[in-house]
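Letters A, B, ... mirror the listed sequences (proteins, then strands); counts begin at 1.
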Amino acid sequence: MDGCWYERCGRMQMAKQDKEFVKEITPQSEDFSRWYIDVIQKADLMDYAPVRGCIVFKPDGYELWEACQRELDVRFKRTGHRNAYFPLFIPESFFEKEKEHVEGFNPELPWVTEAGGEKLEERLAIRPTSETVIGHMYARWIHSYRDLPVLINQWANVVRWEKRTLPFLRTSEFLWQEGHTAHATAEEAERETRQMLDVYTDFVENVLAVPVFRGQKTPSEKFAGAVATYSLEAMMKDGKALQAATSHYLGQNFAKGFEIKYLDKDNQLKYVYTTSWGISTRILGAIIMVHGDDKGLVLPPKIAPTQVIIVPIGPQKERARVVEHAGTLRDQLLSAGWRVRMDDREDFSPGWKFNEYEMRGVPIRLELGPRDIASGQVTLARRDTGEKLAVPESELAARLPQLMDDIQATMYQKAKQFADDHSHIAHSLGEITEIIQSQRGFVLAGWCGDDGCERRIKEEAGATSRNIPFQPPQTLPTCAVCGRPAAHSVWYAKAY
RNA sequence: CGGAGCAUAGCGCAGCUUGGUAGCGCGCCUGCCUUGGGAGCAGGAGGUCGUGGGUUCAAAUCCCGCUGCUCCGACCA
């Protein structure tokens, strides 16, 4: 080994470091978890807060959530729901009214025991979810079948003192929406539960461009206090599952616990049937992990805080002219309703800006330089494919909607392809374990319905049941663990 | 909550083994120059070394506690 080798090696090392500095993001293939942490911080979505497990949603992160709220809210209203707001504090006694519910949430409740310098007579929990307070209120509001159904949604923050936290995916405090409805009949409540799952499906697939696996949770995975829980599961790029939304049919469990009764047409006092359904800021994690790549975020146009970033390019002499022209374009796009920003800072090179906004996931970059102006065109670059195209300025307004739609559709298809490619079918525990451990992804397997078999899959393969699909791609005749006849086909995966 | 790792300037790190003036790159500020894929030169600012104790004449460095973050497990949206 001579000195040359070391020297060359050192130089190569340096070059590599430079390159990595430029990228600033750990490649997904190297370490997906680090990629995730790098991306959310570099793209300025969040920052760690001074309280353990809590994060700050910075404007770009919060605007993503606002976009989700906007899209969901119209869908809730369209299906007849109205928003209301219930208190953050829940009296301790409320939790004892539904047995499964207490057991499910007790370990993660934070308590207020003192206020105004005095010890409280009854401890107050900071809500982990609002079934109990809402149940209490519904009992006061509902007396007759004429009062039903009650269709209310709440946008709120909730707290669950999680052991292990991860930004967006699992934080001590998170933001969400929780719908709570009460109905006269089981059928109507069940229909509501399924309807909201459909609403979520529409939102997640068409707005977030994230394909979902729809189905019912197994008893061990269902919500504490529910009769049935339905979920949408999404597959992240590391093959792990993330529960994108849930909808619960609560039967009369909470109605009985909180005495929510109504006098029916037949003059009989009856318990109502309730539902609850929610989607949380965890969904931001899905957007990031389903679409992101080694350059950073890739955001679906429908929710991107900035849909078009305009980068004017030009030497000093031409700069004023180019910036003015770009400003006019920006104003046109703004009045056409696009979320557009222009970055005309002079102390950053165009190349720097290209990388920056790619990292931030902006769907379309509009470059405008003297050459573009001379030929009456703009240069557009797609974040999803990296493709650059020259578009005559006169056609920009017309082309943009198509282009955005195409990006949205392409992103969905890419994600769908990935999910399909990483969905497998297994016939034995060994096969499940092999697939989960060698390639991750989702595995469909037959299940007899026994908790023990489900638990063995968790122990051996490290995968949990995600849900029982409504329409399994294949119906498996026998339980993958015990070989008895299968009652269901179940999706298994490692999960966030 | 168990197991492992990390904590030094805004960010990424070196220094710690063997205690003795806190360093580098990027970023930031000023000026010049520059702009079609993270430009260049010159000058400059910025750190009670996460925190609390201990050992020592002396602690970023050694020892103990605590906190936070990351990873791996058990619990969850």
Using atom [atom1] of each nucleotide, how far apart are [N] and [M] to the nearest Å?
N	M	atom1	value
rC28(B)	rA45(B)	C1'	8 Å
rC75(B)	rA22(B)	C1'	44 Å
rG50(B)	rC13(B)	P	15 Å
rG23(B)	rC33(B)	P	34 Å
rC57(B)	rC72(B)	C1'	45 Å
rC49(B)	rG53(B)	P	13 Å
rU56(B)	rG20(B)	C1'	12 Å

I'd like to know if [X] pairs up with [Y] as an ion pair, taking the criterion as any Lys NZ or Arg NE/NH1/NH2 lying under 4.0 Å from an Asp or Glu carboxylate oxygen.
X	Y	answer
K163(A)	E108(A)	no
R160(A)	E173(A)	no
R382(A)	D384(A)	yes
R75(A)	E71(A)	yes
E100(A)	K222(A)	yes
D198(A)	R214(A)	yes
E162(A)	R170(A)	no
E454(A)	K458(A)	no

Atom-pair distance ([atom1] on [X]; [atom2] on [N]), nearest Å:
X	N	atom1	atom2	value
I25(A)	rG38(B)	CD1	P	16 Å
D44(A)	rG27(B)	CG	C1'	14 Å
E356(A)	rG27(B)	CD	C1'	12 Å

R456(A) CZ: over 12 foreign heavy atoms closer than 6.0 Å:
no
Table of protein N/O atoms under 3.5 Å from nucleotides 29-35 of chain B N/O atoms:
unit_1, atom_1, unit_2, atom_2, d
rU35(B), O2', G314(A), N, 3.4
rU35(B), O4, E346(A), OE1, 3.4

When you match W352(A) and K42(A) each to their closest nucleotide on RNA chain B, which lands nearer the 5' end?
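Here K42(A) is the residue nearer the 5' end.
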For RNA chain B, what residues of residues 366-390 of chain A have any heavy atom nearer than 4.0 Å?
E367(A), G369(A), P370(A), R371(A), D372(A), T379(A), K388(A)
Do we see a donor-acceptor contact under 3.5 Å between the side chains of T275(A) and T181(A)?
yes
Is a donor from one side chain sitting under 3.5 angstrom from an acceptor on the other, for Q216(A) and N467(A)?
no
Generate the contact string for nucleotides 67-77 of chain B. Rules: B means base contact, S means sugar-phosphate contact only, - means no protein heavy atom under 4.0 Å.
-SSSSBBBBBB
